[in-house]
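Worksheet: one structure, shown below.
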Amino acid sequence: MYGVLLLLLLFFTNPASPSSFPDRFTKSLSANLLKHKSQEYLELGHPLPFDQLTPSCSHRVLRHSFANTMNSPPFSTGYSPPSDCPSPWSHIGLEFSAKCKGEQYDRIVGLWLGGAELLRTSTAEPTEKGIFWKVRKDITRYSSLLARCRLNLTMMLENVVDHVYTGVYHVEVHFLYYNQNVAVALNPVMRVASIIPYQNLGTVAYEPADLILPISDNGDKGCWFRIERESDFHSKEIRIPRNTRRLVLELYVSFHGNDEFWYSNPPNLYITTNNLATGRGNGAYREVFVTVDGEMVGSEVPFPVVFTGGINPLFWEPVVAIGAFDLPSYDLELTPFLEKLLDGKAHSFGIGVADGISYWLVDANLHIWLDHRSKKVKAKSSVLPLPPAIEVNRGTQFKQLDGVFKIRAERSSEFVGWVKSSSGNYTTTFSQRYNFKSSIRFAKNGTYKLVKQKVKAKREVKVENEKGAVVLRTRVRRRYPINVITATLPGSHKDTYVLVTNMSHSMKEKSLHGDYSSQVYNSQDSRGWMEVKDHSVLSGTANTEQSFRYSGEFGCYSRTVGTSDGNLIRDNSTFRCLSVS
Ligand SMILES: *[C@@H]1O[C@H](CO)[C@@H](O)[C@H](O)[C@H]1NC(C)=O
Ligand SMILES: *[C@@H]1O[C@H](CO)[C@@H](O)[C@H](O)[C@H]1NC(C)=O
Ligand SMILES: *[C@@H]1O[C@H](CO)[C@@H](O)[C@H](O)[C@H]1NC(C)=O
Ligand SMILES: *[C@@H]1O[C@H](CO)[C@@H](O)[C@H](O)[C@H]1NC(C)=O
Ligand SMILES: *[C@@H]1O[C@H](CO)[C@@H](O)[C@H](O)[C@H]1NC(C)=O
């Protein structure tokens, strides 16, 4: 109790503790920041490959209003595939639509079918006149799951509605089923030979898996596992069919609370030495890792998604940050580990967050491809010359509230194994490599903070036949830098403060899958300031520039937008091929 009181006191006497920035905020309605009518929000992305096709059928599979749902179990409804357009389908699209009006924080949302996650999204913060948006996603890779009957479709969206926070999120989800095998490119004029789903960041499967098994929770707090600290390691026992010929683990993650801005967290020594009240510590390195029977099989430094209340909520209207409406999932190739998984026994699949603090929401799906012509497949993992290597170097230097904190980390791993199925004996090599650099600088007695982080990741899957010839190579290279500046100034009232915020981030991805290659360059640059009372934005101004470019097997697409104080002031798009970088 004493601790709580002390914290409260610190909080009220020092509402603008600069060390806890960036932070999350809501847009106060009384500030009359937005005068216009109900507005559509959006995230830039490429059109889906089947956009030009007419679905065979479209079904509303979920409709619910999420009011005061905090601490309630998720919303669940029954799902069975449509009888008017039975499987097989060539493509399946998911359409998540939401609307909201009033004052509200951004909220994290998970959607699961039979416990397997289909979509991780977050909500936009509403306005008095109301906002609405749509998220569209290619969910063809979950076809085998979508063909199953009597599953539960579950959505978790924890929201608080009271006299201050009035926004209720009204959500609908539609599934769109297609069974046209006509290949269509992004550009309606251009046609290509085949369609490959590429939505997911990571190694992409051409053919949807035969079976999808969730590594998720079946509790009443949603199907995700909640990680509060590094030692919160969650695992699930799963039995893999003995005729599995390929195995890919798809990881979903999001970070919240004291780790929502983990990439900007200073080391604990800085916080304790300066007697700061913030819980945002543990340094700025995080790694989500996956284990099988306790052995590490892969890891990910996740892309730093900024939610719509994050850093400066005025940046994210009406165009949200990269990934905020469709958080990336990450694929780890587990085929090299099949040897020990094909014994017909249950094995433990675990997920944890290195250096994580409260809280992370994680789960995963196992995508399993079977050998339909045999009951048992043989596999063997190669003994590795070197275990997965990680090297983290940290530099800490500060005097009172000013200082510099640097981290450099490098990880590389390689796993090899062969699988002999009825189609032959193939050797799969999965290699991963990261390069992580971070620097946090506090100046002006801690009121100025500059955060710079750069992640370079490379992941490759190579499949060779018995003669040693490479039959498939999948390679994804990604770069995702983020820079955030926050500067705290006194406000116009005793209980307010001004926060000057600048940030830029991008996702540059080059991927190769066999003969197909694609490139995405997505970058946002935001500048502005706001006057804040507690966590409510009273006034401010903000501009965001975004440039999105895609080129690949579907042709090209590019879109450039500019927003200023809640208005879309520029929006140009073209299917012409421009240079990507
Ligand atoms: C679906 O959810 C209901 C209620 O949460 C539960 O009783 C039922 O067992 C679930 N069905 C399946 C197939 O998981
Ligand atoms: C620096 O900030 C601390 C805490 O906010 C304050 O107590 C101190 O007086 C400041 N020092 C100067 C030189 O402004
Ligand atoms: C499969 O191929 C690997 C590598 O070429 C070889 O070492 C292994 O013995 C083969 N397995 C079988 C069952 O033939
Ligand atoms: C933010 O960016 C603007 C425009 O480039 C610049 O004038 C300003 O100094 C920056 N603010 C901070 C705190 O660095
Ligand atoms: C971009 O769009 C604006 C209007 O939104 C238009 O005035 C301008 O000419 C366009 N620029 C290009 C290069 O197409």
Side-chain angles (χ1 to χ4, degrees), residues 9-23 61-62 64 69 72-81 110-118 145-156 212-214 216-224 236 264 266 270-278 311-312 314-315 363 365 398-403 439-452 482-491 494 497-505 523-532 540-545 562-565:
L9 273 174
L10 279 167
F11 185 71
F12 283 119
T13 49
N14 187 8
S17 167
S19 58
S20 64
F21 297 135
D23 203 344
V61 291
L62 184 149
H64 192 66
T69 50
S72 308
F75 174 76
S76 245
T77 177
Y79 168 87
S80 280
L111 176 69
W112 299 268
L113 182 60
E117 187 154 359
L118 303 181
L145 186 65
L146 287 145
R148 286 175 51 195
C149 291
R150 289 179 295 281
L151 294 174
N152 278 343
L153 184 70
T154 304
M155 184 172 282
M156 190 72 179
I212 293 174
L213 299 178
S216 64
D217 197 42
N218 37 25
D220 54 6
K221 296 288 255 166
C223 304
W224 39 42
K236 195 168 166 182
S264 77
Y270 173 81
I271 295 168
T272 50
T273 308
N274 287 301
N275 269 320
L276 301 173
T278 182
I311 300 174
N312 183 339
L314 308 180
F315 286 162
D363 59 45
N365 301 324
F398 66 96
K399 202 176 161 204
Q400 285 159 351
L401 288 163
D402 291 346
S439 138
I440 298 173
R441 188 159 73 90
F442 287 96
K444 299 187 181 159
N445 198 23
T447 62
Y448 174 91
K449 184 176 180 185
L450 170 63
V451 175
K452 286 186 181 185
I482 182 164
N483 297 319
V484 182
I485 294 174
T486 51
T488 320
L489 303 168
K494 222 172 68 193
Y497 59 95
V498 168
L499 199 59
V500 181
T501 49
N502 283 356
M503 80 158 268
S504 61
H505 66 164
S523 132
Q524 275 178 325
D525 202 341
S526 306
R527 293 169 193 246
W529 63 269
M530 55 185 175
E531 179 150 14
V532 180
T541 159
N543 297 292
T544 294
E545 298 288 326
T563 64
S564 181
D565 296 339

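Whatever order the structure lists them in is the order used to number ligands and atoms, beginning at 1. This is a predicted model, so every value here is computed, not measured. By convention here, the first residue in the shown sequence is residue 1.
- For atom 1 (C) of ligand 1, the nearest protein heavy atom lies under 4.0 Å away.
- Remark: the Thr501 side chain and the Thr486 side chain contain no N/O donor-acceptor pair separated by less than 3.5 Å.
- No hydrogens or angles considered: a donor-acceptor pair under 3.5 Å links the side chains of Thr544 and Ser526.
- Among all protein heavy atoms, the one lying closest to atom 5 (O) of ligand 1 is Asn152 ND2, 4.5 Å.
- In summary, the atoms of ligand 4 found under 4.0 Å from a heavy atom of Ile485, numbered by their order in the structure, are 12 (C), 13 (C), 14 (O).
- Residue, atom and distance of the protein heavy atom nearest to atom 12 (C) of ligand 4 are Asn502 ND2, 3.7 Å.
- Ring geometry for Phe398 against Tyr270 counts as perpendicular: the plane angle is over 60°, on a 0 to 90° scale with 30° as the lower cut.
- The shortest heavy-atom contact between Leu145 and Ala116 is CD2-CB, 3.6 Å.
- If you take CG on Asn274 and CD on Gln400, they are separated by 7.5 Å, rounding to the nearest 0.5 Å.
- Remark: atom 9 (O) of ligand 4 lies closer than 4.0 Å to no protein heavy atom.
- Short contacts between ligand 2 and Asn445, defined as distances under 4.0 Å to a heavy atom of the residue, involve ligand atoms 1 (C), 2 (O), 3 (C), 8 (C), 10 (C), 11 (N), 12 (C), 14 (O).
- Lys221 NZ: more than 12 foreign heavy atoms inside a 6.0 Å radius.
- From the protein, the heavy atom lying nearest to atom 13 (C) of ligand 1 is Arg150 O, 3.8 Å.
- Nearest protein heavy-atom neighbour of atom 4 (C) of ligand 4: Arg527 NH1, 3.4 Å.
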